[in-house]
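Any value given below was found using the heavy atoms of this structure, including those in side chains, with hydrogens, waters and symmetry copies removed.
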Amino acid sequence: MEEIKKVRGFQDIYGENAEKYRYIVNTARKIFDKYNFKEIILPYVEDVSLFIRSVGEETDIVQKEMYTFKDKGGREIALRPEGTASVVRAYIENRIFAEGGYHKFFYEGAMFRYERPQAGRYRQFHQIGAELFGINNPLSDVEIISLVKDILDVLKIDTRLEINTLGSFEDRKIYIEELRKYLSEKKENLCEDCKKRLEKNPLRVLDCKVESCKDETKEAPKLYEYLSETSIKRYEEVKKYLKALDINFVENPRLVRGLDYYTDTVFEFITDKIGAQGTVAAGGRYDKLVEQLGGPPTPAVGFAAGIERLMLLVDELPQGEDLIAVIPINDEFNLLALKVANKLRKENLKVELILKTGSLKSKMKVANKLKSSYVIFVSDSYELKDMLTGSQIKYEDLNILVQTLKNS
RNA sequence: GAGGGUGUAGCUCAGUUGGCAGAGCACGAGGUUGUGGCCCUCGGGGUCGCGGGUUCAAGUCCCGUCACCCUCCCCA
């Protein structure tokens, strides 16, 4: 029979990688809880038009990376390529805004993009993210950045934080026109990609890596020259708060982000340690998106982090609970060993009943390989062996043995 | 979507001008008939990614294909 292989760009996460995955998600969940963000569990599929209207019709994500299909009712469906659009849709559709005040959500799960697989880049990848709706002050930007920073710190992941401001929606509109005018005159010197970008999204020309493009943009109009008073002021506030929290950052005026919905503050946490795909977490404000998707004008800010990329940077897992191996010395004591194992589990201990039959030696090898901290030999009595020291004590009464283990 | 690299045992890899498919680790049994790690002995394991071609003969040469890795692009 021919072996069936996994689909290109997809992966099985198991063993140590699965532990890393859980560790990252659990850590993030704890921090989300500390910041009092509430979980929102969202569909993995959405109407295609949701992403066209939020992420942007001209973006690569929408143009060539979405998994789309028609369902049996003829609906145009997409596997979600990112999380923010769905949270915004849910916020509007469920009239969450009607409760007044502001709202904080986090999510976790798979995203899908049909891209060329690479280190730290898969067609199904997983993100954790958070969104904050209904507040537009700089405090909310910093709250999100601080939240991401806390997660990375607990995971002991070292990154560089880059920030920038894109200005308000109106500021940016004026600036983009000016930039387009300026670059159109230099069009001949731009790379092929940038010629296209000039039409679709001139901002992206600013972070092109081609030398000739870099030269041409040096003298180009600067975004900060077009920022309104309010935008400048809020950007200064954001920087002030970050400094006050001892969160180091570098300003990168070329940081523009690839999704259309961002406004004002944008940020990326970047590492050099995992190759070309160095952005580990990123986000920013999107004050116009809720409105664009049919909701009431609602400012918002959020972020997303790639779990696979975080996994590449986590090299130390926290030590787990001690494992206790229960070994019947021969088949005669199998039933008793089963009972002992279950009793210990009810006492909230972590137990591996050694299922392998055969010599005691081979059972011990299994216990050793599983990194058991203790072994209990079950016969007419119970012998507790400490696997680190090798010392062994005999117990007649199982309850006393249990108490000893629980106190250790 | 474009360019480059790599596919041989469970893992990491060697394999010369084309001439019997290899090592280390891992795994199994034993060395101790009731005790792991270190050491020793023995053992099981392969469609050489897949398909085609050249040849007396292909892991090795040629073509195609798939997967992974890297770069560009894009992004988390």
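Scanning all heavy atoms of the two residues, the minimum distance from A:R80 to A:A110 falls at NE-O, 2.8 Å.
With rounding to whole Å, A:F267 atom CZ is found 15 Å from B:rC75 atom C1'. If you measure from atom NZ of A:K6 to atom P of B:rG49, you get 17 Å, rounded to the nearest angstrom. Regarding A:K385, its NZ atom lies at a distance of 10 Å from the P atom of B:rG37, rounded to whole Å. When the P atom of B:rA2 is taken as reference, atom NZ of A:K64 falls 11 Å away, rounded to whole Å. We find that CG of A:N368 is positioned 4 Å from C1' of B:rG36, with the value rounded to whole Å. To the nearest angstrom, P of B:rU35 lies 15 Å from CZ of A:F333. Between the C1' atom of B:rA76 and the CD1 atom of A:I24 lies a distance of 12 Å, rounded to the nearest Å. Counting to the nearest Å, the C1' atom of B:rA67 and the CZ atom of A:R123 are 11 Å from each other.
Between A:Y91 and A:F133, the ring-plane angle classifies as parallel under the 30° and 60° cut-offs. Between A:F105 and A:H103, the ring planes are parallel. Angles under 30° get that label, and only those over 60° would be called perpendicular.
Considering CZ of A:F32 and CG of A:L147, their distance stands at 5.5 Å, rounded to 0.5 Å. To the nearest 0.5 Å, the span separating CD1 on A:I77 from CD on A:E46 amounts to 9.0 Å.
For A:S231 (side chain) and A:S228 (main-chain N/O), no donor-acceptor pair under 3.5 Å exists by modelled atom type.
Side-chain contact of A:E178 with A:Y182: a donor-acceptor pair under 3.5 Å is absent, judged by distance alone. Inspection of the A:H126 and A:E308 side chains reveals an N or O donor paired with an N or O acceptor under 3.5 Å. In the model, A:E170 has no side-chain atom that pairs as donor or acceptor with a side-chain atom of A:Y226 under 3.5 Å. A donor-acceptor pair shorter than 3.5 Å can be found between the side chains of A:K38 and A:N36.
B:rA9 and B:rC13: their C1' atoms are spaced 11 Å apart (whole Å). Nucleotides B:rC66 and B:rA23 place their C1' atoms 29 Å apart, quoted to the nearest Å. For the P atoms, the distance from B:rA21 to B:rC48 is 10 Å, rounded to whole Å. As rounded to the nearest Å, B:rA14 and B:rG1 have C1' atoms that lie 37 Å from one another. Look at the P atom in both B:rG4 and B:rC63: the space between them is 13 Å, to the nearest Å. Only the P atoms considered, B:rC11 is 14 Å distant from B:rC27, to the nearest whole Å. Nucleotides B:rG53 and B:rG15, compared at atom C1', are 24 Å apart to the nearest Å.
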Secondary-structure notation, RNA chain B, from Watson-Crick and G-U pairs under 3.5 angstrom (| other strand): (((((((..((((.....[..)))).(((((.......))))).....(((((..]....))))))))))))....
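Between A:R8 and B:rC68 there is a side-chain polar atom (N or O) within less than 4.0 angstrom of OP1 or OP2.
In this structure, A:V280 and A:D386 both approach RNA chain B, and ranking their closest nucleotides by distance from the 5' end singles out A:D386.
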Residues A:F112, A:E65; criterion side chain to side chain contact (heavy atoms under 4.5 Å, CB included); working and verdict: CA-CA 8 Å; A:F112 303 85; A:E65 296 173 5; over 6 Å; no
Audit row: A:S381, A:E396, side chain to side chain donor-acceptor pair (under 3.5 Å) steps and yes/no: CA-CA 5 Å; A:S381 62; A:E396 299 297 335; 4.8 Å; no
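As judged by a 4.0 angstrom heavy-atom cut-off over every strand, A:G129 is placed among residues making no nucleic acid contact. Here A:Y122 lies in heavy-atom contact (under 4.0 Å) with a base. Within the 4.0 angstrom heavy-atom criterion, only backbone atoms of the sugar-phosphate kind lie near A:G9; the bases stay farther away.
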Per-nucleotide protein contact string for nucleotides 25-34 of chain B, where B marks a base within reach and S marks sugar-phosphate only (heavy atoms under 4.0 Å, - for neither): --S-S-B--B
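Between A:V402 and A:L344 there is a side-chain heavy-atom pair separated by less than 4.5 Å.
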Which pairs, protein N/O on one side and nucleotides 70-72 of chain B N/O on the other, fall under 3.5 Å?
residue, atom, partner, partner atom, Å
B:rC70, OP2, A:A119, N, 2.2
B:rU71, OP1, A:A276, N, 3.2
B:rU71, OP2, A:Q118, NE2, 3.1

